[in-house]
Amino acid sequence: MNYDSPREIKSILGVLGIRLKKKWGQNFLINRGARRKIISLLDPQKDDLVWEIGPGLGSLTHELLSLTGRLLCFELDRGLLAYLQETFAANENFILIPGDVLKTWKDTADKYGIPERVVGNLPYSSASAIMAALVENNCLPSRMIFTVQKELAQRMTAPVGNKNYSSFSILCQFAFSICSHGDLKPGSFFPVPQVTSTIIELQPRKDIALPRDRPLFLALLKSLFVSRRKTIRNNLLAGWAATRFRQDILLKALELSHIDPGIRGEELPVEAFIRLADNLQRLG
Ligand code: SAM
């Protein structure tokens, strides 16, 4: 099929009796140049295990199947699942994982292993939840290429001090180096969404050590942003950390981490969060 033709897409959806749902972010990428760019950035190798999140009608899928080893596709729309199955099932490298990726990815990773590459023009509604689930569970493929809403990409890549820097920035950045590869105008999609999208690349960080105790790091991160206006010291002494560590240990950990207790979480670089979590783990 011609994946660049809204008319053809509309007609296939009509034949299949599929009505697109906004809540599932069903905006198909009809920009051939953008698809080429995504696949070239992904750079899948012959032996790779690749995941595609939300294949839709398969505009990336059919290219990917000619380039890589196994391709696992996560899709939840029944109509699209039937179409994908019929179109690609003859290829023995194609495996369809039906259902909500947020519910199916863990079992899939247990069964097939962590993929080398992950790609997806992610549904706007669940992109941040998908990202968080992967990071929090230490699923760190060697390269991920996603299309996400521009504002989300800005939060993911924001440096400390930037207005978009938040706990979500730290969550993404402690595990991944993230770079943006340019915006896609709404007209690159059908139906045309109301937002601009950005292509982003994520690779596991090699320049800093991961926190020694990941659950502790994640709980600490959440707790230090509970009240954004409060200082680090006050959030530490009044929040989750105080239920787990004595006050003198909390203050000592701040000191050993060279963190000014008077600043707020949004002023603290990722490396300082990791230092604080590691010092708490050591002292606690
Ligand atoms: N990859 C196709 C393309 O670029 O043309 C479609 C991308 S469309 C933005 C997002 C796709 O993700 C849709 O096919 C939608 O049905 C699917 N989807 C949405 N939420 C999902 C979820 N929680 N789990 C699995 N698939 C999901």
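One-based numbering, in listed order, for ligands and for the atoms of each.
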Original post:
Closest approach of Ile178 and Met156, non-hydrogen atoms and distance?
Top reply: CD1-O, 3.6 Å

**OP:** Determine whether the side chain, the backbone, both or neither of Leu80 has a heavy atom under 4.0 Å from any heavy atom of ligand 1.
**Re:** side chain

**OP:** Check each heavy atom of Glu52 against ligand 1 and say whether those closer than 4.0 Å belong to the side chain, the backbone, both or neither.
**Re:** side chain

Original post:
Can a donor-acceptor pair be found between the side chains of Asp43 and Gln45 at a distance below 3.5 Å?
Top reply: yes

Original post:
Closest heavy-atom contact between Thr157 and Gln173?
Top reply: C-NE2, 3.5 Å

Original post:
Side chain or backbone of Trp24 under 4.0 Å from ligand 1, or both, or neither, by non-hydrogen atoms?
Top reply: both

**OP:** Please indicate whether Glu151 has more than 12 foreign heavy atoms, meaning atoms of other residues, nucleotides or ligands, lying under 6.0 Å from its CD.
**Re:** yes

Original post:
Does ligand 1 have an atom that lies less than 4.0 angstrom from a heavy atom of Ser125?
Top reply: no

Original post:
Would you say the ring centroid of Trp105 lies under 6.0 angstrom from that of Phe74?
Top reply: no

Original post:
Is the backbone N or O of Ala133 less than 3.5 Å from a side-chain atom of Asn137, with the two atoms forming a donor-acceptor pair by type?
Top reply: yes

**OP:** Any atoms of ligand 1 less than 4.0 Å from a non-hydrogen atom of Gln26? List them with their elements.
**Re:** 13 (C), 15 (C), 16 (O)

**OP:** Compare every heavy atom of Ile114 with every heavy atom of Cys139, then report the nearest pair and how far apart it is.
**Re:** SG-CD1, 3.7 Å

Subject >> Nearest non-hydrogen protein atom, atom 12 (O) of ligand 1 >> reply: Gly54 CA, 3.2 Å

Subject >> Side-chain heavy-atom pair Glu271, Phe174 within 4.5 angstrom cut-off >> reply: no

**OP:** Heavy-atom distances under 4.0 Å are what count here, so tell me which part of Asn27 touches ligand 1: side chain, backbone, both or neither.
**Re:** backbone

**OP:** Could you find the nearest protein heavy atom to atom 9 (C) of ligand 1 and give me its residue, atom name and distance?
**Re:** Gly25 O, 2.9 Å

Original post:
Of the protein's non-hydrogen atoms, which lies at the shortest distance from atom 20 (N) of ligand 1, and what is that distance?
Top reply: Pro123 CG, 3.4 Å

**OP:** List every atom of ligand 1 that sits less than 4.0 Å from any heavy atom of Phe74, numbering the atoms from 1 in the order shown and giving each element.
**Re:** 25 (C), 26 (N)

**OP:** Would you please classify the geometry between the Phe273 ring and the Phe217 ring as parallel, tilted or perpendicular, with 30° and 60° separating the classes?
**Re:** perpendicular

Original post:
Does Pro55 approach ligand 1 within less than 4.0 angstrom via side chain, backbone, both or neither, non-hydrogen atoms only?
Top reply: backbone

**OP:** Might you point out which heavy atoms bring Pro115 and Leu49 nearest each other, and give the distance in Å?
**Re:** CB-O, 3.4 Å

Original post:
In the protein, what heavy atom is nearest to atom 17 (C) of ligand 1, and what distance, to one decimal place, separates them?
Top reply: Glu75 OE2, 3.4 Å

Original post:
Are Thr61 and Glu52 linked by a side-chain donor-acceptor pair shorter than 3.5 Å?
Top reply: yes

Original post:
Is there at least one pair of N or O atoms, one from Leu122 and one from ligand 1, spaced under 3.5 Å apart?
Top reply: no

Original post:
How close does the nearest protein non-hydrogen atom get to atom 27 (C) of ligand 1, and which residue and atom is it?
Top reply: Leu76 CD2, 3.1 Å

Original post:
Hey, is ligand 1 close enough to Leu102 that some N/O pair sits below 3.5 Å?
Top reply: no

**OP:** Measure the distance from atom 23 (N) of ligand 1 to every protein heavy atom, then report the residue, atom name and distance (to 0.1 Å) of the closest one.
**Re:** Asp100 OD1, 2.8 Å

Original post:
Going by an N to O cut-off under 4.0 Å, is there a salt bridge joining Arg35 and Asp4?
Top reply: yes

**OP:** Could you name the option among Leu84, Asn121, Ile97, Asp77 that has the heavy atom nearest to atom 4 (O) of ligand 1?
**Re:** Asn121

Subject >> Ligand-residue contact atoms, ligand 1 with Gly99, heavy atoms, under 4.0 Å >> reply: 24 (N), 25 (C)

**OP:** Go through the side-chain N and O atoms of Asp183 and Thr198 and say whether any donor and acceptor fall under 3.5 Å apart.
**Re:** yes

Subject >> Proximal atoms of ligand 1 relative to Ser59 (non-hydrogen, under 4.0 Å) >> reply: 3 (C), 4 (O), 5 (O)

Original post:
Please state which protein non-hydrogen atom is closest to atom 5 (O) of ligand 1 and give its distance, to 0.1 Å?
Top reply: Leu29 N, 2.9 Å

Original post:
How far is atom 24 (N) of ligand 1 from its nearest protein heavy atom, and which residue and atom name does that atom have?
Top reply: Val101 N, 2.9 Å

